[in-house]
Amino acid sequence: MQVIIIVGGGIAGLSCALSLHQIGVPCRVYDAVPTLAPLGYGINLQPNAIRELTALGLGERLAAVGVLTQELAFYNKHGQLIWTEPRGKAAGYRWPQISISRGELHKVLLAAINERLGVQAVVTGHRLTSFEERAGKVIARFADPTGKPAGEVEGDILIGADGIHSAVRRHFYPGEKAVFDGYLHYRGIVEAPPYLTGASMVVVGHRHHRAIIYPVMKRPGGKMLINWLAYTKIPPGSPPLEAWDTAADKQACVDQYKGWTYPWLDVHSLFAATPAKDVLQLPNVDRDPIPRWSFGRVTLIGDAAHPMQPVGAQAGSQAVVDGRVLAAALMAEREPAAALTRYQDERIAAMNDMIIRNRNLGLEVILQQAEERAPNGFKHIHDVLTQQELESTALNFKKAGGFDVEAVNARDSFVELPT
Ligand SMILES: Cc1cc2nc3c(=O)[nH]c(=O)nc-3n(C[C@H](O)[C@H](O)[C@H](O)COP(=O)(O)OP(=O)(O)OC[C@H]3O[C@@H](n4cnc5c(N)ncnc54)[C@H](O)[C@@H]3O)c2cc1C
């Protein structure tokens with residue numbers, strides 16, 4: 001019987017632990033923070049991830065605390081519609097797309113761990129400091145929040161699910177730096193009346209100035225909790241930023257969106273109505289693709305393996321899929337190293353491709369094309385971008401991410417349990 005050490009209790013680590021439990025492989029999750037709190041604003045789970053989370057028995061719980069996304073719509077800075085497409089079940093998937101607060105998603109995963117694996121399955125206040133493979137085992141060493149040694153643990157496999165600043169990844173790629181592209185996101189969350197379908201994700205503007213907006217939860221009285229991201233270029237010479245969420249200058253953000261008042265949504269007022277304490281900032285960082293994730297009995301999943309820019313709502317979904325493909329590989333291969341290689345080989349090329357696609361704006365590239373071809377707006381979008389260009393951009397991105405309707409509907413789960 002193998003025992004697996006998972007480093008990191010974020011979305012990748014917790015969902016992976018649930019998958020390992022489902023296939024009967026014992027594991028324990030270690031996280032650096034003293035307490036796992038439900039942190040973060042909006043995150044999207046595409047139907048490929050919801051399929052897997054449904055196979056873990058969590059589909060209904062997630063639907064109850066999220067929003068079943070109906071459409072994804074792109075507008076230029078004048079508020080003109082460039083492209084809209086149905087999403088989730090409205091697009092013919094067997095599973096929905098769910099826009100959700102990351103905190104709520106985290107809570108659902110943690111509650112399921114506590115119920116199924118027990119509270120002892122997640123160990124907090126344990127920051128991984130080093131590890132080594134010795135005599136067919138992996139030894140992991142931890143420090144407590146004050147930096148003092150917190151002991152060592154032995155396992156058969158170590159999974160690095162420790163996010164964009166992964167210590168496990170650093171062990172294999174020392175000196176590697178996060179790549180900052182000079183843009184800052186402001187993130188906000190605010191209660192407001194529904195807009196468009198009531199479950200619409202909208203992306204507005206162009207590469208240098210854009211906003212992504214979507215509801216993540218129904219509130220009493222017919223209002224919605226609406227998540228937004230606003231992009232701005234940092235003045236040259238500003239210090240590099242690496243922290244996830246830090247307090248932001250709300251007014252500086254709001255001022256940049258003056259005039260973004262459209263018949264379908266008053267973006268400027270939405271931002272202005274957001275309580276200042278709920279506006280955070282983070283740098284647009286990712287990392288270069290790497291050639292290997294799996295080294296003997298150690299591998300990487302989620303942001304530790306493929307940290308990507310938040311384009312096309314991929315990071316959360318792909319983190320879930322990683323854990324599922326890894327669990328399936330562990331069922332298929334007897335030897336740990338062979339299983340980890342199998343998992344890597346199934347995932348790495350597509351995820352490395354996605355990192356680069358997202359740097360090039362992914363499916364949001366149509367915003368930039370519309371801006372370059374018609375900065376003052378258009379009479380008809382087809383004067384600027386053909387239907388074929390629009391359709392193929394959308395479809396190609398979904399195919400690259402493994403979440404086109406055909407691919408998702410083709411199976412019930414990556415993990416096929418014996419009946
Ligand atoms: C606090 C926080 C807020 C976020 N908010 C959002 C959001 O609003 N929207 C969004 O789209 N994405 C958000 N993300 C990122 C998002 O969760 C990921 O991009 C995606 O879900 C992949 O998840 P992950 O588990 O790979 O990484 P993460 O969710 O980042 O989880 C990594 C985990 O590893 C732990 N960890 C790090 N280093 C160590 C170490 N040395 N030893 C042990 N544990 C370690 C961290 O404490 C964290 O719990 C947030 C991440 C964090 C950590």
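As the structure lists them, so they are numbered: ligands from 1, and atoms in each ligand from 1. Just so it is clear, the values below take in all heavy atoms, side chains as well, and ignore hydrogens, waters and symmetry mates.
- Taking 4.0 Å as the cut-off, Gly42 counts as a neighbour of ligand 1 on heavy-atom distance.
- Contacts of Val7 with ligand 1, taken as heavy-atom pairs under 4.0 Å, involve the side chain alone.
- Taking 4.0 Å as the cut-off between side-chain N and carboxylate O, Arg87 and Glu85 count as a salt-bridged pair.
- Under a 4.0 Å N-O distance rule, the pair Glu333/Arg342 qualifies as a salt bridge.
- With salt bridges taken as basic N to acidic carboxylate O contacts below 4.0 Å, none links Arg359 and Asp181.
- Of all the heavy atoms of Ala167, the ones lying under 4.0 Å from any atom of ligand 1 belong exclusively to the side chain.
- Residue contact check: Gly40 has heavy atoms under 4.0 Å from atoms 3 (C), 5 (N), 8 (O) of ligand 1.
- The His126 neighbourhood of ligand 1 comprises atoms 42 (N), 43 (C), with distances under 4.0 Å to a heavy atom of that residue.
- Near Gly163, meaning under 4.0 Å from any of its heavy atoms, are these atoms of ligand 1: 27 (O), 32 (C).
- Formation of a donor-acceptor pair under 3.5 Å by the Arg297 side chain with backbone atoms of Pro336 is not found in this model.
- Inclusion of Leu128 in the set of residues having an N or O under 3.5 Å from an N or O of ligand 1 is warranted.
- Contacts between Phe142 and ligand 1, counted as non-hydrogen atom pairs separated by less than 4.0 Å, are absent for every part of the residue.
- With ligand atoms numbered from 1 in the order given, ligand 1 contributes 26 (O) to contacts under 4.0 Å with heavy atoms of Gly302.
- Classification of Lys137 and Glu132 as a salt-bridged pair fails, no side-chain N sitting under 4.0 Å from a carboxylate O.
- A ring pair (Phe, Tyr, Trp, His ring centres under 6.0 Å) with Phe131 is found for one member of Phe295, Tyr30, Phe142, Phe172 and no other, namely Phe172.
- Distances below 4.0 Å separate heavy atoms of Ala161 from the following atoms of ligand 1: 32 (C), 33 (C), 34 (O).
- Of the heavy atoms in Arg127, both backbone and side-chain atoms come closer than 4.0 Å to ligand 1.
- Against a heavy-atom cut-off of under 4.0 Å, Tyr41 is close to the following atoms of ligand 1: 7 (C), 8 (O).
- Listed for the Lys258 side chain is no donor-acceptor partner under 3.5 Å among the backbone atoms of His268.
- The option from Val29, Leu229, Ile11, Asp31 that lies nearest to atom 48 (C) of ligand 1, judged by heavy atoms, is Asp31.
- Between Glu154 and Arg134 there is no salt bridge, since no side-chain N of the basic residue sits under 4.0 Å from a carboxylate O of the acidic one.
- Proximity of Arg187 to ligand 1 is established by a heavy-atom distance of less than 4.0 Å.
- The distance from ligand 1 to the heavy atoms of Tyr30 drops below 4.0 Å at these ligand atoms: 43 (C), 44 (N).
- Around atom 39 (C) of ligand 1, the closest heavy atom drawn from Leu36, Leu282, Asp162 belongs to Asp162.
- Heavy atoms of Pro307 found under 4.0 angstrom from ligand 1: none, in either backbone or side chain.
- Across all their heavy atoms, Ile5 and Ala140 have their closest contact at CD1-CB, 4.1 Å.
- Classification of Arg170 and Glu176 as a salt-bridged pair fails, no side-chain N sitting under 4.0 Å from a carboxylate O.
- None of Leu225, Leu229, Ile189 except one satisfies the side-chain contact (heavy atoms from CB on, under 4.5 Å) rule with Tyr41; the exception is Ile189.
- Using a 4.0 Å cutoff on heavy atoms, His106 does not count as a contact of ligand 1.
- Only the side chain of Ala319 comes within 4.0 Å of ligand 1, counting heavy atoms alone; its backbone N, CA, C and O stay farther away.
- The distance from ligand 1 to the heavy atoms of Leu39 drops below 4.0 Å at these ligand atoms: 1 (C).
- Classification of Asp412 and Arg51 as a salt-bridged pair fails, no side-chain N sitting under 4.0 Å from a carboxylate O.
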